[in-house]
Every structure is written in C-alpha cells, then in structure tokens.
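Basis for what follows: all heavy atoms, side chains included, without hydrogens, waters or symmetry-related copies. These numbers were taken from a predicted model, which means no experiment stands behind them.
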Amino acid sequence: MPRYTPASIEPKWQQYWAQNQTFRTPEMPAGKKLYALDMFPYPSGSGLHVGHPEGYTATDIVCRFERMRGRTVLHPMGFDAFGLPAEEHAIKTGEHPRSNTENNIREFTRQLKMLGFSYDWDRVLATTDVEYFRWTQWIFLVLFDTWFDAEQQKGRPISELPIPAEVGAQGENTVRKYQDEQRLAYQADALVNWCPGLGTVLANEEVIDGKSERGGHPVVRMPLRQWMLRITAYADRLEKDLEPLDWSSGIKKLQSDWIGRSVGAEVDFHVGQASSLPGFEQWKASRAKSGFPRKPADDVLRIYTTRPDTLFGATYMVIAPEHPFVQRLTTPEQKSAVEAYVQKAVSKSDRDRQDATKTKTGVFTGSHAINPVNGQPVPVWVADYVLWGYGTGAIMAVPAHDERDFEFAILFKLPIRAVVAPTDHWLRSAAIAAIRKKADLDKNIDALAASRGQPDLAQSIRDGVVKSATEILAQSPIQELLKDYSQRPAEYGPFIVEGTAINSGSYNGMPTAEFTSKITADLAAAGLGREAVNYKLRDWLFSRQRFWGEPFPILHELDEHNQPTGMIKAVDMKDLPVDLPHLDDYKPHGRPEPPLGKAPAEWLYPVIGGKKYRRETNTMPQWAGSCWYYLRFIDPRNGQVFVDKEKEKAWMPVDLYVGGAEHAVLHLLYSRFWHKVLFDRGYLSTIEPFQKLVNQGMILGENGEKMSKARGNVINPDDVVKEFGADSLRLFEMFMGPLEAVKPWSTAGVVGVRGFLDRAWRLIVDDKSEVLMLNVSVQHTEPTEEQNRTLHKTIKQVTSDLEGMQFNTAIARMMEFVNFFTKQSIRPHSVMERFVLLLSPFAPHVAEELWQLLGHAKTLAYEPWPTFDDALTKDAEIEIPVQILGKLRGKVVVPAGSDQPTLIAAARAEPRIAELLSGKEVVKTIVVPGKLVNFVVK
RNA sequence: GGCCGAGUGGCGAAAUGGCAGACGCACAGGAUUUAAAAUCCUGUGUCCCGUUAGGGACGUGCGGGUUCGAGUCCCGCCUCGGCUACCA
C-alpha cells in the first residue's frame with residue numbers, strides 16, 4: 001500500500017493548499033518582496049502544451065524557495081484570452097466567442113491546478129473580463145490624452161500642448177484637429193490586406209504570395225483609416241533604458257536592432273532639368289539665406305543617408321513607388337512604364353516586396369535632380385527596394401559603396417563612381433576574386449583544354465591563371481591598384497565600410513568619420529542638409545477589423561444628416577467600460593469595415609448631451625491586454641483605479657519574468673512603451689516593468705523535431721501526469737537541461753526522475769508495511785560526520801544552484817544525496833526533514849506528504865529554508881592531481897588546506913611521480929592550493 | 001544574406017582556464033526470488049599493452065594560436081537550430 005502514489009497524494013495537497021489559502025498573497029508585502037511572473041497563456045482549444053509548464057515550473061520553484069527564505073511572493077496567473085481562433089470558431093458554429101473562451105479557460109485552469117503551481121488563484125484574470133478591459137480602455141484614453149514633448153522627452157497631457165497662434169486663430173475645430181495630430185493615439189490612413197474572397201481583412205502573416213493563407217483567395221492592399229500608437233516617440237528611451245536591465249544580451253540586442261536607431265543626414269537635391277543649371281545656382285543662393293526648411297517644398301527631393309561622405313559618389317537616385325513625387329517627376333515618355341511599375345509594386349504585399357532573394361526591379365522616371373555638392377544632374381528612378389515608410393522614402397544611390405545600389409546599378413547599367421579608398425587587403429582580395437570570377441566564366445579555357453583532349457585540365461589552367469595573377473598583384477604597388485579601382489570600381493564590387501575619401505573635391509583624404517561630420521556641418525551651413533536620426537521602428541498599427549477584441553472608447557461626431565464631421569471625442573472615463581455589443585451572427589459582411597459595423601443602433605449610435613455619435617468599430621489587437629496585465633495582478637479587484645498607487649510602488653518592478661523567446665521583441669516592446677507613458681503621466685513609480693527576464697528554450701518532440709500535430713510527436717501533460725504524476729513532470733522538465741536551452745522530450749527521462757522520487761520516498765517511508773509509516777532506518781539520532789557533511793554539501797549546492805536558476809544540477813545534487821542515504825542503514829530524522837525541505841520547491845506534493853509523515857501538522861511552504869555551515873561541507877582530506885608538463889601522472893591525498901610546500905613535498909613523495917621526475921630538471925612548479933600540482937620539466 | 005545560440009560517450013547532459021564525461025537514461029554483471037517483476041549492489045568514453053595488478057595513447061565539430069595547463073580564451077572555417085529579411 002504505502003508505495004509512492006502521486007495519483008492520491010497530489011490531489012490531496014492541491015485541495016489542502018486551496019482550502020487553507022496557503023498561497024494567498026497579502027495586499028502589501030511584509031519585508032522583502034518577490035514578484036515572479038509567467039507570460040500568461042492564450043487559452044487555446046487544444047489545452048496546455050508541455051512547453052507551458054517548463055517556464056511555469058521554473059518560476060514556481062523560485063517562488064517556493066524564496067517564500068521559505070522569508071520573502072513575500074506575488075505569483076499570479078491569468079489568460080490572454082482575446083484572439084482570432086475564438087472568433088473563427090464563432091463564425092463557424094455561431095457559438096459566442098465568450099462562451100468558447102470561458103470553456104477553454106476552465107480547461108486551462110484545471111490543467112494548471114493539476115501541476116501544483118503556487119499561484120494566488122484569487123488574483124486570476126482574463127483580458128476578456130469586462131472589468132479588466134475597462135482599464136485597458138482607460139489606458140488607451142490616457143494614450144489618447146497624451147502628447148510627446150520632444151524637448152523634455154516626456155509624455156504630457158494634451159491640455160498642456162502649446163497651440164501655435166496661427167492654429168488658434170482658426171477656431172476651435174482647427175485646434176482640436178491640431179491636438180488630434182499630436183496625440184500618442186492618433187488616426188492615419190494605412191494599408192490593410194483586404195481579402196474580398198473571405199470578406200475580411202487579414203494580418204500580414206495570413207497573406208502568402210498575395211493570396212490568403214486559408215483558401216488561397218487574392219488579397220488586395222487598400223488604405224483604411226486606422227488607429228496608430230506613436231511608439232516611435234519613445235524609441236530613444238526604449239533603447240537607452242534597456243541597458244541596466246537584467247536581460248540576456250541577445251534579447252537586448254534583438255530589441256535594440258528592432259528599434260534600429262541610425263544617425264545620418266537629410267539632404268535636399270534640387271529637382272530641375274539637366275540643362276537648367278542657373279536655376280540650381282539660384283536655388284542654392286536662396287537656401288544659403290533661408291537655411292534648411294523643416295518640410296521640403298516641391299522644388300527638392302529630400303533624401304536620408306547614413307553616409308553623407310559618399311555624396312560625391314551618388315550616380316542616381318531612387319524614390320519609393322508610393323512617393324508623392326512619382327507622378328510629377330515622370331516625363332511623358334516614361335509615363336506608361338512608371339505607371340505600370342507603380343501599380344504592380346503597390347499591390348504587392350510587404351512580404352513579397354521585401355523578398356531580398358529576388359533580383360531588383362525599377363524604372364527610370366525620365367527626370368534628373370541636381371547633386372548639391374557638385375551641381376551634377378543625377379537620374380531619378382522608381383524602385384521598390386526603397387521603402388516609403390523609412391527615412392524620406394527617397395535615397396541617393398552610391399553603387400560603389402552600397403550593396404543594394406551596386407546590384408541595381410549593374411542590373412540597369414548605371415554609372416558607378418568610387419569615392420572611398422578601400423584598405424590594401426580588401427583591394428587585393430577583391431582583385432583576386434574578380435580574376436577568379438573572370439577565369440571561371442572564360443569559355444576559351446574550356447575550349448583550350450578540350451582541344452588538347454583533356455577537358456579535366458580546364459580547372460588547373462584556371463588555377464594557374466589565378467595563381468600567376470595573384471603573384472603579379474602581390475608585387476604591384478598599391479597606388480596602381482587603387483588607381484585601377486578608382487577607374488573600374490564595378491570590377492571590384494561594393495566597398496561598404498569606412499575608409500578614406502577620394503574623388504570628393506576638397507574633402508579628399510579625409511577618413512569617413514571626419515568627412516561625415518564635416519560635410520554634415522557644411523551642408524547645414526549652406527541650408528542644403530541637416531543631421532537626422534531615423535528608426536526602423538514604426539508607429540504601432542493598433543486597430544483590427546475584428547469582433548473579439550477590446551472596443552475603442554472613441555466616438556465619431558455626426559452632423560444633422562448623420563454624416564461624420566471628422567471630429568472625434570473620447571468616451572468619458574466614468575462611462576467605461578464600453579462592452580462589446582450583441583451580434584446576431586459573426587459572419588463577415590463583405591466590406592472591409594469592421595464587424596462591429598453590424599452592431600445594433602442603440603450601441604452604434606449613442607446620443608450624448610443631445611449630440612449624435614457613431615462609435616468607433618475597430619477593436620484593439622491582442623497585444624493590448626497583455627501590455628499591462630502585470631500591473632493589474634497587483635490589485636486585480638480594484639474598482640476605482642487600474643492599480644493602487646501604494647501597492648504598485650510596493651510590488652513593482654516584476655523581479656523575474658519568464659516566457660518564450662517568441663515574445664522577445666513585440667510584446668516586451670509594447671509593454672515597455674505603455675509602461676513609460678503611464679510613468680510619464682504619474683501613474684507608476686518605475687521606468688521599466690521587467691527587471692529580470694529569462695527566456696525558456698523550446699521543448700522538442702522525442703524525435704528532436706518541433707512538436708506538432710502533423711508530426712504526431714505532441715506530448716500531452718495530462719497523459720504524463722496520469723502515468724507518472726505532476727511532481728515527476730515538473731522535475732523532469734527541470735532536469736532535462738538548462739532552462740534556456742532547446743531540448744527534446746524523453747519519456748525514458750521521465751521514468752528516470754520518477755525513479756528518483758520513488759527512491760526518495762523509500763528513503764523515508766516503509767514501503768513494505770501495510771500502513772503509511774516511517775522507514776525503520778529513520779531514527780532520532782545525531783548524524784555521523786560523513787552524513788552531516790553530505791547534508792551540508794547538498795544544502796549548499798542546491799541553494800546556490802537555485803539562486804542561479806540551475807535547476808538541472810540542483811536535482812542532480814539531490815539525487816546524489818538520495819544515493820548516499822539509501823546506503824545508510826540509520827537515517828537521522830533531522831537530516832531527512834531538511835532534505836524534504838530542499839526537495840519541496842521541485843516536487844511539492846510528495847514533499848508535503850513526507851513532511852507530514854515526519855510529524856508536522858502544517859504545510860512546509862513557509863518553513864525556513866535549511867541553512868548550512870560551510871565548515872561542515874569541507875572534507876578533511878582531499879585528493880590532488882599531480883601533473884608533469886600538464887599531463888596527469890598521479891594523485892596524492894593530502895589534508896585539506898595544505899600549503900604549497902606540503903603539496904609539492906607530497907607530490908614528489910608519490911613513487912610514480914618521483915620515478916618520472918628522476919634525472920629531469922624541474923624548471924617550474926605550479927601549485928594551485930586545493931586544486932593541483934604541475935611540474936614543468938626539461 | 002544578416003544577427004543570435006549550439007556542436008562533449010549509445011542518448012539527455014555536467015565541468016569559477018586546473019583530474020573531461022557529475023547526475024540521469026540505456027547496457028552488462030551480481031545479490032534477492034521457486035521464477036519473474038520490483039528492489040539493492042557493482043561496472044560502463046575509445047583504442048592499445050598486460051593472465052591479473054596495473055600501465056599507456058587518443059578523446060569535447062574542423063584548422064591554427066595564447067598558456068605550465070584550453071571543452072572553457074583568441075583568429076579562421078564547417079554543420080545544425082532559432083530569429084530576421086533590401087531600413088539607405
């Protein structure tokens with residue numbers, strides 16, 4: 001009977017914890033706090049995946065450990081429950097997304113509770129709870145009420161936005177529009193993927209090759225009024241504040257690359273006919289007086305470059321197909337070609353356009369612009385390798401020093417002009433590569449070899465050609481090579497790193513960095529350019545044409561004919577939440593407007609203060625709810641504010657945040673952005689939400705491939721718990737390897753850790769007896785010296801492994817402990833007690849059971865963590881390896897703490913060492929006390 | 001193409017520049033048993049010499065380097081995985 005049976009032990013303790021509210025967190029921490037957070041799951045219909053418990057177990061172990069060390073722990077769980085699958089399910093079956101979502105949450109909750117995580121379930125929340133998204137909407141209104149003061153680098157209330165006099169003079173509506181343009185939440189026309197076949201708008205990742213992922217229907221891109229969040233305003237702070245965070249350097253870099261800050265210059269190219277140089281001179285003269293205008297007028301093409309030092313090498317320009325100048329710059333002869341090109345480019349999805357493997361495309365507009373540094377006309381092309389959304393949507397192309405421009409120039413036979421002298425090494429290897437390429441393509445060599453009846457000879461002829469050319473090159477002076485490069489840069493390929501200026505007028509000889517700052521200053525002085533900073537990060541497209549998301553708390557004003565006036569109004573904060581309306585069905589209605597357009601009139605057209613409005617019908621993206629849930633967990637039932645200020649101050653920041661790397665960029669960036677806005681507006685005390693971040697590695701199937709239904713290698717946690725128990729599942733997921741590593745599942749491995757728990761059980765329990773009782777070996781005696789040393793070593797190692805989140809080695813240490821004590825016929829009660837406490841964070845159910853059996857009435861969750869005496873962990877004698885010339889030649893046993901002379905003497909006394917050293921001269925002896933002795937001999 | 005991570009026994013893995021392979025799986029031998037399962041004990045990197053005791057060589061993806069000493073640090077490659085995709 002008293003075999004280890006998790007199936008009865010585990011539910012017993014789960015019930016105990018629930019009934020006694022063991023893990024209920026106090027409102028405010030007493031003493032040191034720990035806020036440990038898991039990335040909450042999307043409750044999908046397929047239930048918990050074995051990947052979920054990996055991170056959840058890790059945080060749970062840390063929480064249980066720190067609770068025993070006296071910290072007040074906040075460890076909550078919730079559900080990121082808005083999302084597409086529930087809506088698609090609704091379209092298919094007519095079942096309301098809410099009921100489907102709630103069923104899934106119930107199932108997830110059951111599975112999570114089955115694993116014995118010490119969450120405070122009283123704090124559970126779902127982003128779909130009306131009382132939760134009421135505050136999501138409230139935060140949106142804060143964003144709506146905020147503008148970014150670039151000078152102070154801070155978000156401020158819109159009421160504090162200075163109104164320029166000329167705007168103020170034009171009346172209230174102009175002022176309101178001006179304010180609306182400055183808000184962090186604003187509207188803009190953005191392109192959406194509209195799929196007429198499915199009657200819905202699709203996300204970028206749902207579009208493949210211009211067709212819908214489901215059904216393969218054509219997808220067109222069309223502009224739609226969208227809500228945007230001005231995250232770019234915070235780009236600098238989002239990047240700078242990363243630095244002190246306790247995140248892996250990889251994740252920090254990922255975020256920083258995503259933000260993609262670059263410093264360069266904006267330069268205006270005068271747009272005129274090639275012959276109209278006088279116009280250019282006039283323009284230049286006027287610019288010298290007026291300076292560089294904030295916004296470019298129609299007479300110039302403004303470009304952004306990070307390499308203004310290559311201005312003299314600009315041989316053509318490219319504007320994006322969406323650039324407003326396309327039409328104006330296209331000459332009549334080029335009109336049809338340009339129009340056809342633009343038409344095709346605009347209809348392509350972003351993904352297709354950005355497929356870098358494809359060869360470049362483009363078309364000449366027929367017009368030229370004047371290079372401001374040398375007055376030379378350069379042709380303007382349209383090509384989709386220039387993106388409208390970045391910089392100014394126009395570039396100067398410097399093919400000699402940019403890979404993309406080089407490829408394009410070769411393709412369209414545009415001139416290439418070298419303006420940076422490469423290093424000697426680069427020049428020589430580029431020259432050799434060019435010769436090799438030429439030789440490889442030379443058909444004459446094949447013909448020669450064939451004529452001799454030895455086709456195989458071709459390769460050695462080629463090698464010979466390259467070899468002799470290399471020898472000649474090695475002897476030719478570098479000036480000559482440089483001259484050749486300067487004349488024929490196309491042969492050498494693009495040189496894209498820094499160097500020294502050539503062919504650049506008075507700037508010749510300057511190193512790139514110096515040149516860049518000098519010419520930027522010169523351009524600025526002449527009113528032709530200015531320093532500029534750009535980010536890859538774009539503003540966040542925040543609206544979705546979906547039903548199952550948070551409604552926007554925004555109203556559009558209507559006039560007496562029920563037509564929108566273009567003015568918008570925020571729903572009053574006291575009127576939140578704006579709940580989702582009832583819909584009769586969820587089928588798409590065939591127009592690109594959101595499904596909420598089908599809502600009943602009493603929802604869609606509220607009348608407030610005698611004025612009629614139409615509600616915003618877009619909904620928020622899934623990211624919205626997950627942007628701030630960590631704050632709500634601190635105060636989940638507060639009906640007055642989103643989080644109480646005092647509580648926020650006491651609990652924030654999150655001390656440990658664990659989740660998958662797939663959220664390394666977007667979720668974390670969005671959360672950090674909202675957090676900073678809320679901080680600026682005085683609602684939060686911290687500038688960053690997540691102090692320490694750990695990304696768990698993916699768990700693969702037993703065959704080493706990604707788990708998926710299609711591959712048939714999915715492991716279901718329910719099955720594992722049924723067969724081995726939750727403690728075994730937890731333990732195995734931690735024993736597999738380091739938390740961050742990608743690792744394959746192994747059922748044999750689960751058997752292994754289950755075996756360990758069985759052995760630990762038998763260590764303490766009499767498994768032969770009919771009733772549950774202690775093993776006769778467990779006695780109230782003092783531990784022997786050796787037993788005590790094993791105990792203290794184990795406590796020391798498990799403790800430090802836990803502090804470093806090295807769960808796999810901590811478990812190995814406990815296995816060693818069990819192996820040792822299994823051989824002991826007397827196992828001191830006090831030692832067993834402390835072992836059970838060590839085990840408890842990993843395998844809490846069996847630990848509670850053993851703790852009870854060892855004579856304790858109450859849970860061990862708040863028992864003090866065992867301490868160790870470092871002196872007791874030390875062995876009296878240690879074995880020291882002895883090396884000769886770094887090779888292991890013997891070992892000596894010496895008292896621990898022996899000094900250098902003792903060690904050397906002991907080593908020399910070892911017969912084998914003495915034999916090997918005889919007749920040799922020891923030139924050096926290396927002694928690392930406690931570690932090794934190494935004789936260096938001649 | 002770029003960035004990040006990883007390559008160690010038959011497998012999962014361990015190792016502040018200091019005895020490579022802890023711990024687990026698997027396998028082998030033994031004890032217990034009428035027998036088996038379960039359990040407990042012992043062994044297990046490869047190769048070579050030796051009947052044994054023991055000894056030796058090799059060994060952390062490949063090639064170099066630094067060092068008394070390198071899985072660990074540096075340089076150059078190869079393979080696999082993840083992320084990313086023309087950001088001027």
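Side-chain atoms of Gln255(A) come within 3.5 Å of backbone atoms of Ala664(A) as a donor-acceptor pair (strictly under, hydrogens ignored).
Within 6.0 Å of CD in Glu403(A) there are 12 or fewer heavy atoms belonging to other residues, nucleotides or ligands.
Position along RNA chain B of the nearest nucleotide to Arg538(A) versus Lys887(A) favours Lys887(A) as the more 5'-ward residue. Toward the 5′ end of RNA chain B lies the nearest nucleotide of Pro744(A), the other residue of the pair Pro744(A) and Gly886(A) mapping further downstream.
In this structure, Arg261(A) does not pair ionically with Glu239(A), as no charged nitrogen and carboxylate oxygen lie closer than 4.0 Å.
When the C1' atom is used for both U52(B) and C58(B), the distance is 25 Å, rounded to whole Å. One C1' atom belongs to U60(B), the other to G9(B), and the distance between them is 10 Å to the nearest Å. G29(B) and A38(B) have their P atoms separated by 15 Å, with the value rounded to a whole Å.
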Dump every N/O contact between nucleotides 31-38 of chain B and the protein below 3.5 Å, one line per pair.
none

Contacts under 3.5 Å, N or O only, protein and nucleotides 22-28 of chain B:
residue, atom, partner, partner atom, Å
A22(B), O2', Glu816(A), OE2, 2.9
A22(B), N3, Arg813(A), NH2, 3.3
G24(B), OP1, Asn819(A), ND2, 2.9

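Note on ring orientation: taking the six-membered ring where Trp is involved, the planes of His323(A) and Trp388(A) are perpendicular (angle over 60°, cut-offs 30° and 60°).
Of the options Trp761(A), Phe724(A), Phe756(A), a ring pair (Phe, Tyr, Trp, His ring centres under 6.0 Å) to Tyr4(A) is made by Trp761(A) and by none of the others.
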Query - Base-contact (B) and sugar-phosphate-only (S) positions in nucleotides 73-81 of chain B, heavy-atom cut-off under 4.0 Å, - elsewhere - result: ---------
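Considering only side-chain N and O atoms, Tyr390(A) lies under 4.0 angstrom from the phosphate OP1 or OP2 of A88(B). The side chain of Ser262(A) places an N or O atom within less than 4.0 Å of a non-bridging phosphate oxygen (OP1 or OP2) of A88(B). Listed pair Arg3(A) / U39(B) fails the phosphate criterion, with no side-chain N or O lying under 4.0 Å from OP1 or OP2.
No hydrogens or angles considered: nothing links the side chains of Ser746(A) and Glu702(A) as a donor-acceptor pair under 3.5 Å.
In this structure, Glu740(A) reaches neither bases nor backbone, as no heavy-atom distance under 4.0 Å exists between it and the strands shown.
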